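Below you'll find the structure, written out as structure tokens, and then a few comments.
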Amino acid sequence: MGFTQITYRQHKNEIRFSRDEGHNPTAMRLKLDTLKFDGFSINAHGNLYSLVMKYESMTFPEALNFIADELGLQKSQFSRKVKYPFGGFYKGLMKEIQEPEYSMQTYDTSILDEYAGKYNLMFFRDGISFQTQEYFNVGFDIETLRITVPEYTLDGKLCGIMGRLNDSKCSKDERWLPIIPCSRSLTLYGYHHNYETIQQKNIVVIGESEKFVQQLHSMGSGIGLATCGCDVSDVQAKHIKSLMTNKIILAYDEGLDEDQIRLQAEKLILNNAVFKNKVGYVFDKDNEILPKGSKASPSDMGKEAFTELIQRHVIWL
């Protein structure tokens, strides 16, 4: 990657290095216990994956593959065949039970071609720009007359497509239907899209829906994720905590009971010998910003209102 003057500091279990020959040899740091990265001279922060993304101009999935290749973890490490009883059935079953997020069915992204390039005014009126729609591959299905929103696994593979009826006055039950179903509790919407920015800013804000992530992106903020519901699954909690950001803010829709939101936020606390985070949740108790009974997302009210919610209406655990 072109870094020079690489030294290991045993007492701090970290690597110090320079961007180029002749630069400060301690300006860059990689902590080996957390894989956290700091570029002091360039005000860059993140982890090993975002470091590769930045300096190799890669996406998150590409960075994962690059690191695996560099460590020899793809082919040479696992080239020898191992025979398991019953054809490996139980080994595969245990993996599916223990890490179901890595056993999801995935699809080639070429299936999105028929929906591509068809952006919609309904999302635009909701604060989601055409540029954001393009970035998240939002499209339109002529057959079902639904706006298409692709869903991705945590490592960026297409695993499903949700369809939103292009009618702002339709009943709630008709709004969203899967065109290609997937278990969204095993994913985090926006994860691979926003991974680098989340690491750089050292904060993640989590909403309920895909729209939340897209609205934040249109505001110029790439720190949003969505759980696609008002419950943080065990899989989602594990991967949110593994981001190891200093701050996590849960920003669920108006109308939920505070005890319910607090319970979900408590799932995201990380406190061990290696790392401790700070977790909070948005709660507009007196409905100063989110109208009572509106069930509005904190992102629905625009950038100024969202900023005020984050600055003045977060309750820290």
Side-chain angles (χ1 to χ4, degrees), residues 1 30 34-37 46-78 91-113 135-138 148-162 178 180-202 204-207 210 212-214 216-217 222-229 232-245 248 268 270:
M1 292 174 61
L30 182 68
T34 63
L35 295 184
K36 283 284 189 180
F37 150 73
N47 63 13
L48 176 62
Y49 305 106
S50 60
L51 177 67
V52 172
M53 291 169 71
K54 179 179 177 65
Y55 282 93
E56 294 295 324
S57 299
M58 291 181 175
T59 64
F60 180 57
E62 290 169 344
L64 288 177
N65 289 329
F66 175 84
I67 292 169
D69 283 339
E70 289 296 308
L71 296 175
L73 296 178
Q74 284 201 320
K75 294 180 180 178
S76 59
Q77 182 90 4
F78 306 110
K91 178 177 179 289
L93 180 62
M94 286 306 296
K95 178 176 177 60
E96 189 167 339
I97 292 172
Q98 294 170 0
E99 295 183 310
E101 65 269 36
Y102 297 119
S103 301
M104 298 179 72
Q105 182 174 353
T106 58
Y107 306 89
D108 192 281
T109 55
S110 62
I111 68 174
L112 299 176
D113 292 347
Y135 181 71
F136 287 98
N137 296 313
V138 173
T148 56
V149 179
E151 306 286 345
Y152 297 90
T153 61
L154 293 158
D155 56 352
K157 297 182 179 69
L158 180 68
C159 63
I161 302 174
M162 290 298 293
I180 297 179
C182 68
S183 180
R184 292 187 293 168
S185 65
L186 301 180
T187 68
L188 281 164
Y189 188 80
Y191 189 88
H192 81 279
H193 287 102
N194 288 341
Y195 187 90
E196 184 176 10
T197 304
I198 288 169
Q199 291 298 327
Q200 170 70 19
K201 302 297 184 182
N202 213 4
V204 59
V205 185
I206 301 152
E210 294 92 339
F212 174 85
V213 177
Q214 294 173 14
L216 259 61
H217 182 271
I223 59 172
L225 297 178
T227 52
C228 299
V232 180
S233 71
D234 292 342
V235 167
Q236 290 171 336
K238 177 177 71 174
H239 287 279
I240 291 168
K241 289 189 288 188
S242 73
L243 288 168
M244 298 183 75
T245 55
I248 298 173
L268 307 177
L270 184 62

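Quantities reported herein were computed from a predicted structural model and do not represent experimental measurements. These numbers come from the heavy atoms of this one structure, side chains and all, not from hydrogens, waters or symmetry mates.
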Practice task
Evaluate the side-chain proximity of R184 to E210: yes if any heavy-atom separation is below 4.5 Å, no if none is.
Solution key: yes
Handout entry: Any I198 side-chain heavy atom under 4.5 Å of L225 side chain
Key = yes
Please report the interatomic distance [atom1]([X]) to [atom2]([Y]), rounded to the nearest 0.5 Å.
X	Y	atom1	atom2	answer
Y152	I161	OH	CD1	8.5 Å
T153	M104	OG1	CE	7.0 Å
L154	H192	CG	NE2	10.5 Å
M162	C182	CE	SG	7.5 Å
N194	L243	CG	CG	10.5 Å
S110	L158	OG	CG	9.0 Å

Practice task
Step through it carefully: locate the ring centre of F136, locate the ring centre of Y189, and say whether they are under 6.0 Å apart.
Solution key: yes
Practice task
Identify the residue among V232, L268, V213 that makes a side chain to side chain contact (heavy atoms under 4.5 Å, CB included) with I206.
Solution key: L268
Exercise for the section: Evaluate the side-chain contact (heavy atoms from CB on, under 4.5 Å) criterion for residues L270 and I248: first the C-alpha distance (whole Å), next the side-chain angles of each, then the deciding distance (0.1 Å), finally the verdict. Expected result: CA-CA 10 Å; L270 184 62; I248 298 173; over 6 Å; no
Problem - Partner set under side-chain hydrogen bond (donor to acceptor under 3.5 Å, both in side chains) for H239, not counting sequence neighbours - result: E101
Heavy-atom closest pair, residues [X] and [Y]:
X	Y	value
H193	Y135	O-OH, 3.1 Å
G224	L216	CA-CD2, 4.0 Å
S185	S233	O-OG, 2.6 Å

Exercise for the section: Applying side-chain contact (heavy atoms from CB on, under 4.5 Å), run through T227 and L188 and close with a yes or a no. Expected result: CA-CA 5 Å; T227 52; L188 281 164; 4.1 Å; yes
Practice task
For Q236 and T187, indicate whether the former's side chain and the latter's backbone hold a donor-acceptor pair under 3.5 Å.
Solution key: yes
Handout entry: Residues that D155 engages under salt bridge (Lys or Arg N to Asp or Glu O under 4.0 Å), provided they are two or more places apart
Key = K157
Exercise for the section: List the steps, then state whether side-chain contact (heavy atoms from CB on, under 4.5 Å) holds for N202 with T245. Expected result: CA-CA 5 Å; N202 213 4; T245 55; 4.0 Å; yes
